[in-house]
Protein chains: 2
Amino acid sequence: MNNTPVTLKFLAEKLKMSVSTVSKALNNYPTINEYTKNRVQEMARDLHFTPNKSAINLKERKSRIIGIILPNLLDHFFTRSIYGVEQFATKNGYNIIISQSHDDLQKEIQSADMLLRSRVDGLIIAISKNTQDFAHLNQFENLGIPVVYYTRNPSFNLNCHKVLGNTFQGCYQATKFLIDRGHKKIAYIGGPKMINFTHDRFNGYINALKDNHLSFDANLVAYTDFDRENTISAIQNLFSADDNTPTAIVAFKEHILFDAIKYLRHIKHPQFNKIECIGFGNNSFINYLDTPPIASVEENPESVGENAINLLLKLINKEIDMESYQKVMVDCKLIVHND
Amino acid sequence: MNNTPVTLKFLAEKLKMSVSTVSKALNNYPTINEYTKNRVQEMARDLHFTPNKSAINLKERKSRIIGIILPNLLDHFFTRSIYGVEQFATKNGYNIIISQSHDDLQKEIQSADMLLRSRVDGLIIAISKNTQDFAHLNQFENLGIPVVYYTRNPSFNLNCHKVLGNTFQGCYQATKFLIDRGHKKIAYIGGPKMINFTHDRFNGYINALKDNHLSFDANLVAYTDFDRENTISAIQNLFSADDNTPTAIVAFKEHILFDAIKYLRHIKHPQFNKIECIGFGNNSFINYLDTPPIASVEENPESVGENAINLLLKLINKEIDMESYQKVMVDCKLIVHND
DNA sequence: AATACATTTTCAAACGTTTGAAATAATTTG
DNA sequence: CAAATTATTTCAAACGTTTGAAAATGTATT
C-alpha cells in the first residue's frame, strides 16, 4: 500500500546524502565510511529497500537470467534436467526463466523472442521436433548471447554447442545386457525419425548385435512416436510372425514397454511375462508393475542439465570462446531391477 | 558478433531522425506519418531491432511478468497447473517465471526475493510445507503487487486470495462411490497434517460416511507423508487386525495406493485384488497396472492454474480490489476406470 | 599555517525506453 | 497571402541504478 516506492533516491533524501553514496554504501564500496555504511544499510533494511532489477540490468547491460526452452514440463526427463540447471545457476547468482514450446515451432519462436527481449545472458534449449530453421536462435549468437543445445539438437549442424546423453552407449549397453542373458531375437522399437538421437540409439543396438556376432533382422525393428495407437501397431507388427517372435525388446522410451507388456498380456501371448525388455527412462512406477522391465537405461537428466549450465556459464564468462564449438556427452547408466 | 547494439538511438542515427520519432513509429502512434512509419519499421526489421525489456520495464514501472513459486516440478499436479497459467498469461501478454522452493522455506524466501527484485506484476504461489511466517510474501502486497495462493495456502488466514481444489467434495464423492458399491469398511489414508487440505479431505470422508449412516472407525484411518517407508507402515497398521480389515481405501495421493497394492500382493493378502481403492491424482500409469484403482479423483490442475491466473489478472487490472479477498473453489471429478 | 596527502562524498553521465509539451512543417481557409 | 488549422517531428524529462572523475573534507607533515 506504500505508494512512494523505496528507491535509492528516496533513501538518499531520508538520509540527507547523495544517491551515489547510498548506492556505494549498499554495494559495500571501500571508499565509503563504515559509519555511513551502517546508517544506510540499516535504513535500507527498515524501509524494505529492494533494488530494481530492471534498472540494474539496463545499467549493467546484462540480466543474470538464463533462459531455458524445452518442449514441455510433463516429461520427467526435462523436469529432472531443470534440477541440474537450477542448482548451478543459483549457485552462480543466475536465475532461470523456463518456457515451453509444446513441441511447436511457432511457440518456440515466440519463446525465443521473449527471452531475447528479456536480454537473457544465455540460452539452454531442447528444440521442438519441427525445428529445421534456426534464425530465431541464431539471433542470440549474433548478439553475443551464447546458446547451448541439449538433448534435442540440430544433428547435422556442428557449429553449435551441445550437451547430449550418450544414447548410443546406453542402447549398446542395454542390447549387450540382453545378449549376455542369452537372447538371440532382440527387437528394437525406435522413436520419431525426426528426433536426432533416434538414429544413435539404433546404431547402439546394431553395433551391439554385430560385436556379438548376432545377425540383424529387419523384422525385429519397428518405429513409433509419442502416440499410443502407433505404438500398439508397431508391437503388433513385431509379434505378427508366429515363428520368429522376439524374446526381448529394447525401446527408445520406457512407456512404450508398458504399452507392449499390456498388449501382450491382453492378447494372451504365451510368454508375455517371459519377454525381457529394457527402455530409456527410469520411471519410479516400474516398481509397481507385475511384469516390470528387467532393466532401465537411466539417462541422468540432472547431469545433462548440470553439464549444459556449466558449459553455458563458461561461455558467458568467456572462459571458452563462442566460436570453439563444444560437444559434451553424458553417459547413460544401466539400472538392473532385481525386484 | 555485432558489437554495437541495435537500439532506438542507433536506428535514429541511421535514419537521421529523432529517437522519439523512431519509438513512436514502432509503437504505431497515429501522429507519425505513414511513410515514416514504413521506413522505420523496415529498418528495424532489417537490423533485427529487439526492444530492451529492462528499459521498458523501468520506464513503465511494470514488467509484464508473473512469478510462480511452487514446491517442485516433479509433481504432475504442479506441472499440469502451469499449463493453465501459461496459456492465459501469454494470451494476455504476460510471461511467467517459475521458481521451485523444493518445499524449503529458505529457498522459498530466496525465490520470493528474486521475483520481487524482478518486479513481477503478480505472484502465484503454492507454499512450502514449512511456511508459517509470511513476511516474505506480504512484502509483495505492501508494494501493491497482488498475490494469489493456490492449492497449498495458509489455511488459517482469510486475508488472502486463494484458488483451491475442492478437495472436500472430491473425497466425499470418492467415499460415496465406494459406499454405493456396498463397502462398509472403507479405510482412509491421509497426508502430512501440516498441509492444509489434508483435513478437508478427511472431512469429506467423514461426512460421506455420516450421510450414509456408516459409523466412523478410527482404526480405519492412517496418516503418511511423501515417504514410502511411512506409507508402508501406515498400510501395515490398517491391515494388522485380522478380523476388521478394510475392503476399500481412499488415499490422499494415488501413488500411496500403488504402494498399498504392492504391499498387499507382497504379503499375499487373501483378497489383495478385491480391495477397491481410489486416490487423488489421475496418473496415466494406472492403465498399466494389473490391479488398478477402481477410480481416480481428478483434481483438474489445469483448471486450478487457469482460475489462479484469471483472478490474478483481475487483481492486476484492478477489476477486483486487492482488499476484497477472494476464494475460488475448483471441483474435482471422479474418473471411474473401466478397463 | 601552509602544504601535501588520504579519506569520504558528490557530480554527472550513462544504460534504452516512453510520452506530454513544444516546435516545426504542411495544408487549408477566408 | 497572411492567418488559422492540422499534421508531423523533436525536445526534454523521467524511470532507478552504477561508477569514474571531481570536489570536499579531514589529517598529517614540515
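Throughout, a chain's letter reflects where its sequence line sits, starting with A, and its residues are numbered from 1. Predicted model, so just to flag it, every value in this text is computed and none were measured.
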Which residues share a side chain to side chain contact (heavy atoms under 4.5 Å, CB included) with A:D46, sequence neighbours left out = A:E42

Please work out if [X] contacts a base, only the sugar-phosphate, or nothing of the nucleic acid, heavy-atom cut-off 4.0 Å.
| X | answer |
| --- | --- |
| B:L8 | base |
| B:T36 | sugar-phosphate |
| A:Y35 | nothing |
| B:F10 | nothing |

task = Write down the distance between CD1 (B:I32) and P (D:dT6), rounded to a whole number of angstrom.
result = 19 Å

remark   = Footprint ends on DNA chain C, 5' to 3', for atoms under 4.0 angstrom from a heavy atom of chain B, come out as C:dG16 to C:dA21

Residues which pass salt bridge (charged side-chain N to carboxylate O under 4.0 Å, His left out) with [X], listed by chain and number, not counting sequence neighbours:
| X | answer |
| --- | --- |
| B:E34 | B:K37 |
| B:D121 | none |
| B:D104 | none |

task = Give the minimum heavy-atom separation between B:S324 and B:H161, together with the two atoms involved.
result = O-CE1, 3.4 Å

task = State, to the nearest 10°, the angle formed by the axis through the first five base pairs of the helix from C:dA1-D:dT30 to C:dG30-D:dC1 and the axis through its last five.
result = 70°

message = Once ring-ring contact (aromatic ring centres under 6.0 Å, His included) is applied, do any residues pair with A:F10, and if so which ones, sequence neighbours excluded?
response = none

remark   = Between the CG atom in A:D103 and the CG atom in A:N72, the distance rounded to the nearest 0.5 Å is 7.0 Å

inquiry  = Any residue in residues 18-30 of chain B with a heavy atom nearer than 4.0 angstrom to DNA chain D? Just list them by number, or reply none.
reply    = B:S18, B:S20, B:T21, B:K24

Who passes side chain to side chain donor-acceptor pair (under 3.5 Å) against [X], sequence neighbours left out?
| X | value |
| --- | --- |
| A:N92 | none |
| A:S20 | A:S18 |
| B:K162 | B:N153 |

message = I need the full list of salt bridge (charged side-chain N to carboxylate O under 4.0 Å, His left out) pairs touching residues 80-99 of chain B, with sequence neighbours left out, sorted by first then second residue.
response = B:R80-B:E298, B:R80-B:E302

task = With DNA chain D as reference, determine whether A:E60 or B:K16 sits nearer its 5' end, using the nearest nucleotide of each.
result = B:K16

